[in-house]
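From a predicted model like this one, the values you see are computed outputs, not experimental measurements. The analysis underlying the following values was restricted to heavy atoms, covering all of them including side chains, and did not include hydrogens, waters or symmetry mates. So that the names make sense, note that chain A is the first sequence line, chain B the second, and so on, each numbered from 1.
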Amino acid sequence: MAVERYNHREAEPKWQAHWAQAKSFEAKEDASRPKYYVLEMFPYPSGRIHMGHVRNYTMGDVIARFRRACGYNVLHPMGWDAFGMPAENAAIERGVHPKGWTYDNIKTMKGQLKSMGLSLDWSREFATCDPSYYQHEQAMFVDFMKAGLVERRVSQVNWDPVDQTVLANEQVIDGKGWRSGAPVEKRELAQWFLKITDYAQELLEALDTLKDWPEKVRLMQKNWIGRSEGLRFTFDLVDGAGKPVEGGLTVYTTRHDTLFGASFCAVSVDHPLSKKLSESDKGLDAFRKEVAALGTSEENIERAEKKGYPLGLYALHPFDKTRKLPVYAANFVLMGYGEGAIFGCPAHDQRDWDFATKYQLPIIPVVGPKDGAAVDVSKGPYLEKDGEEAKLINSEFLNGMSVEAAKSEMAMRMEATSGAKRVVNFRLRDWGVSRQRYWGCPIPVVHCKTCGIVPVPKEQLPVTLPEDAKFDKPGNPLLHHPTWRHTHCPNCNQPAERETDTFDTFIDSSWYYARFTSPQDANPVNAVAGKYWLPVDQYIGGVEHAILHLLYSRFYARAMLKVGQPNVAEPFASLFTQGMVTHATYRTEKGEWVLPSEALQKDGHWVHATTGENLEVGSIEKMSKSKKNVVDPDTIIAAYGADTARWFMLSDTPPERDLEWTEAGAEASWRFTQRVWRLVNDVAVLPKAAADMGADGLALRRASHQNAAAITENLNGLNFNVAISNLYKLTNALSAGLGDAQKSASIQGALREAAEFLTLLMAPMMPHLAEECWHVLGHATPVVDTAWPKALPDLVAVDEVTIAIQVNGKRRDEMTVAKGLDQKAAEAQALARENVQRAMEGKPPRKVIVVPDRIVNIVC
RNA sequence: GCCCUUGUGGCGGAAUGGUAGACGCGGCAGACUCAAAAUCUGCUUUCUGCAAGGAAGUGGGGGUUCGAGUCCCUCCAAGGGCACCA
């Protein structure tokens, strides 16, 4: 019987309105039910949502709806990471105010998200640029200051000359600003820092407890924290005349076992020794400038050869004071790591080898293979490989020892005699949070001539941004504002100046998940709500945040705990990083990029839809505006509906991999929605019958229950693509069963059950269609208020299995036997089979392996 | 340079060490139709064979095992992270 097509244009807005009106997704603390907090990384309100958002939020929504149906009390909130430079750039380029621009974008994007039918609790929505949000950030910062977690110090910073602001190390990518792409310069500035390094060890150790994080992300954080164990000690230092230099030269090394191979020392050009000597040494001064000019770009570093400038000083070898090691200022030694000074062991370090070769310094091998084979260091250093056992040579009391043993022997001797100290070093730097921008959270501090730096008292918070800022010249509009920064000292009430730096926006996103538990609370986090909801049970976002956002959040949670705020040390119990959305690229013969919506396939090749030009199909890449390979979610939702878009996002490709958006795939998803609609309508008109255990309905009932069990497991494991393939199987089974619909009441009952199962099982992915189907099947209660179907164990279990029979490991036959058939019987039955006998070629079986219900393998 | 991940049909991909290619896309054939679309049914790893069947097969090579896409070693390719970090 013909039914009308499923009309998403009517159904989707209707159900979205129903859910909103019924407040279906508003969460309340409820101690009687297990809680589940699902969170997707909140978006930056850039203007419009893109397909990456659609994929991210669809995944989160499937989890939220699934958990909800399974009886969890689900929290699934949404908000806006709303501070940041694009808003300010819009202000500079188009003369709009960042605030208006941001809130307009939020309005647009919220409408788009709503059209996706997400099960979000919109009552908890906030934007990080709301003063009601950032006032708590300011209050916490004041607490952090009191707790010693904040430092203000003059430091060499990464300065982005285009954005005119400071960047954290994490925001410098290949020596360029992460947003502007401009080569980063070094500058000295007074900056605010959060002392993330205080937590380096803890952040590292706790990574092992994050069992439900991708191994890859944990490893990236581990490398970023970069712990190394080494020895710090001081060389006696003499000048060219042999006169001792006070203070000596303190170095840090992880290879103290190679000390007997030392042939020079090197310090950073920014090392105090180098700085001091450059005052009287013009050549050194020039060298320092040359190194500084090289910058930090990867390209320059790659090309730069190891260069040094002799300081005219000599370090005395601790075990042989007659050995004088020349000291250089060198371009490959970094002031920011260890002591900014090293000893060079050219035989066992590539950089030291390059340097020694250039300046014709001795290369003394002190480590060699265990078998005693000669070490050749004339063409390069000898570097022992991982796990390779090596032994010390040419090293007096260390000779014959392994590297590890030599390290510990050397450390012991040096600690006893030379004031050396074993130290742990981290690559991780403190988090510089000052930004010289307008559109960020003001740092709540006042500079007073008498009292110095004074935190703004909490009762005077929030320090809000002036609305009348001007964006007509580069630099910080807060600094240029005629009145804003002029205030009075909270301490002495004398005229004073406000801090004009604002926070790095990564601070805003470091605790928003906690604010969602109690977004209207007078405190940053309500103690009861925080305790109930935290941690986030499932966090979903792009892998591009593996270091920055996720490491800052882990630190910030600990900082909050330290100042008594409700939180948990590890805010994200389980993390999932989804892949990107990609699309083929198209360009004209002139090389202009063409939108997919303008590309048409015609007679086996691609042409421009309006101009008819021939198009070249390029590689499949991440959707980006620059290559125009973008598909607009609004267009797709209008044409096919949100359910189709959601379904396609989850089909086929595993969620962690990149997904290629294809028009054919979207069409196929759309056809599937229509197919389900037809099948459900066909079942709905059948006489209602109970799904009993009648023999002729049994096969379909089994399919329903087996698929229900499988899909439940798939969704628990976030294997959305497999869940969908199982939904196809269930649909195929239902479709096949419809042919026999008139045969018996038992079949009709089984068909109804299958249709109901299908409806409920697909609901997390296609919530609107599911509601329509559920209604057609005669239910007054909507799907959102209906429990997840329970698979009956009796129907999930099979009573017959088809098992393979192998002869000498090759599959030769198969047989269908009762489930649980014992090994002897299986062996006997297998041996009796004609195909098996033929394959055995008359040889007697030497051994028979029987894995019950799986396989029989005959070895002969 | 170091570290990590991934390599399975024409394509996306499935597969607790136990029948490789489920499911979907695409393709082919058929049904319905005056015709087309939509829909439905079948076939679709490769080679060989009329067929029953046989052979090969999960990036290459080797190993462990009764049995390897899965575990180990090694090489190759693609992607990602870190990078003068002493």
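For Arg554(A) and Gln221(A), the side-chain atoms include at least one donor-acceptor pair closer than 3.5 Å. For the residue pair Arg675(A) / Asn732(A), a side-chain donor-acceptor distance below 3.5 Å is found, with atom types taken as modelled. Side-chain contact annotation: Gln674(A) with Arg5(A), donor-acceptor N/O pair under 3.5 Å absent.
Taking only side-chain nitrogens and oxygens, Lys847(A) never comes nearer than 4.0 Å to OP1 or OP2 of U65(B). Considering only side-chain N and O atoms, Asn721(A) lies under 4.0 angstrom from the phosphate OP1 or OP2 of A14(B). Contact annotation: Tyr252(A) side-chain N/O to A86(B) OP1/OP2 distance is not under 4.0 Å. Residue Asn732(A) places at least one side-chain N or O closer than 4.0 Å to OP1 or OP2 of G24(B). The side chain of Arg675(A) contributes an N or O atom lying less than 4.0 Å from OP1 or OP2 of C40(B).
Atom pair Tyr728(A):OH and G13(B):P shows a separation of 15 Å (rounding to whole Å applied). Atom pair Ile855(A):CD1 and A20(B):C1' shows a separation of 12 Å (rounding to whole Å applied). Atom CG in Asp349(A) sits about 9 Å away from atom C1' in C84(B), given to the nearest Å. For the pair Leu334(A) CG and C84(B) C1', the computed distance is 6 Å after rounding to whole Å. The distance from atom CD of Glu814(A) to atom P of G53(B) is 11 Å, rounded to the nearest whole Å. The distance between atom CD1 of Ile849(A) and atom P of C66(B), rounded to the nearest whole Å, is 7 Å. Per the geometry, CZ belonging to Arg833(A) stands 17 Å off P belonging to A52(B), to the nearest Å. Taking atom CG of Asn707(A) as the reference point, atom P of A14(B) lies 17 Å away to the nearest angstrom.
Annotation: G62(B) and G81(B) have their P atoms spaced 35 Å apart (nearest Å). G13(B) and U6(B) have their C1' atoms separated by 14 Å, given to the nearest Å. Remark: the separation of the P atoms in U70(B) and G18(B) is 11 Å, to the nearest Å. Across the P atoms, G79(B) and G17(B) are found 30 Å apart, a figure rounded to whole Å. For the P atoms, the distance from G57(B) to G63(B) is 14 Å, rounded to whole Å. Nucleotides U58(B) and A20(B) have their P atoms positioned 12 Å apart, rounded to a whole Å. The C1' atoms of U46(B) and G80(B) are separated by 34 Å, rounded to the nearest whole Å. When the C1' atom is compared between C75(B) and A22(B), the two are found 32 Å apart, to the nearest whole Å.
Using N1 to N3 plus N6-O4 or O6-N4 for Watson-Crick, or N1-O2 and O6-N3 for G-U wobble, each under 3.5 Å, C82(B) pairs with G1(B). Using N1 to N3 plus N6-O4 or O6-N4 for Watson-Crick, or N1-O2 and O6-N3 for G-U wobble, each under 3.5 Å, G53(B) pairs with U48(B). Nucleotide G21(B): unpaired (no Watson-Crick or G-U wobble partner with both distances less than 3.5 Å). Across all strands shown, U6(B) forms a Watson-Crick or G-U wobble pair with A77(B), both key distances being under 3.5 Å. A29(B): Watson-Crick or G-U partner is U41(B), with both key distances under 3.5 Å.
With its glycosidic angle more than 90° from 0, G62(B) is assigned anti.
Among the protein residues, Ser651(A) comes within range of no part of the nucleic acid, since none of its heavy atoms lies under 4.0 Å from any strand. Nucleic acid contact for Val859(A): sugar-phosphate only, since backbone atoms but no base atoms lie under 4.0 Å from a heavy atom of the residue. Within 4.0 Å of Thr662(A), counting heavy atoms only, lies no atom of the nucleic acid at all. Residue-level contact check: Arg232(A) touches neither bases nor backbone, having no heavy atom under 4.0 Å from any strand. Among the atoms of the strands shown, base atoms are found under 4.0 Å from some heavy atom of Val333(A).
For Arg657(A), whose side chain is taken as the heavy atoms from C-beta onward, the closest listed nucleotide among U6(B), G67(B), G81(B) is U6(B). Side-chain proximity of Arg351(A) to U19(B), G54(B), C84(B): nearest is C84(B). Picking from A86(B), G13(B), C85(B) the nucleotide with the shortest atom distance to the side chain of Arg427(A) gives C85(B). Nearest nucleotide to the Arg671(A) side chain, out of C84(B), G12(B), U39(B): U39(B). Listed candidates were G24(B), C25(B), G54(B). Nearest to the side chain of Arg838(A) is G54(B). Of the candidates G13(B), C23(B), G18(B), G13(B) carries the atom nearest the Pro654(A) side chain, counting heavy atoms from C-beta on. Considering only side-chain atoms of Arg811(A), the nucleotide from U19(B), A86(B), G13(B) that sits closest is U19(B). Out of A55(B), C84(B), C4(B), the shortest distance to the side chain of Leu219(A) is found at C4(B).
Take the nearest nucleotide of RNA chain B for Asp652(A) and for Ser735(A): the residue whose nucleotide is more 5' is Asp652(A). Between Tyr337(A) and Ala804(A), it is Ala804(A) whose nearest contact on RNA chain B lies nearer the 5' terminus.
Here the side chain of Asn629(A) pairs a donor or acceptor atom with the backbone of Glu621(A) at under 3.5 angstrom. The backbone N or O of Tyr382(A) lies less than 3.5 Å from a partner atom in the side chain of His348(A), making a donor-acceptor pair.
Judged by atom type and distance alone, Arg854(A) reaches the base of U16(B) through a side-chain donor-acceptor pair under 3.5 Å. Judged by atom type and distance alone, Asn857(A) reaches the base of C66(B) through a side-chain donor-acceptor pair under 3.5 Å.
Other residues, nucleotides and ligands contribute at most 12 non-hydrogen atoms within 6.0 Å of the CD atom of Glu229(A). Within a 6.0 Å radius of NZ in Lys358(A), other residues, nucleotides and ligands contribute more than 12 heavy atoms.
Screening Phe235(A), Phe260(A), Phe264(A), Phe343(A) against His317(A) for a ring pair (Phe, Tyr, Trp, His ring centres under 6.0 Å) leaves a single residue, Phe260(A).
Lys824(A) has no carboxylate O lying under 4.0 Å from a charged side-chain N of Glu827(A), or vice versa, which leaves the two without a salt bridge.
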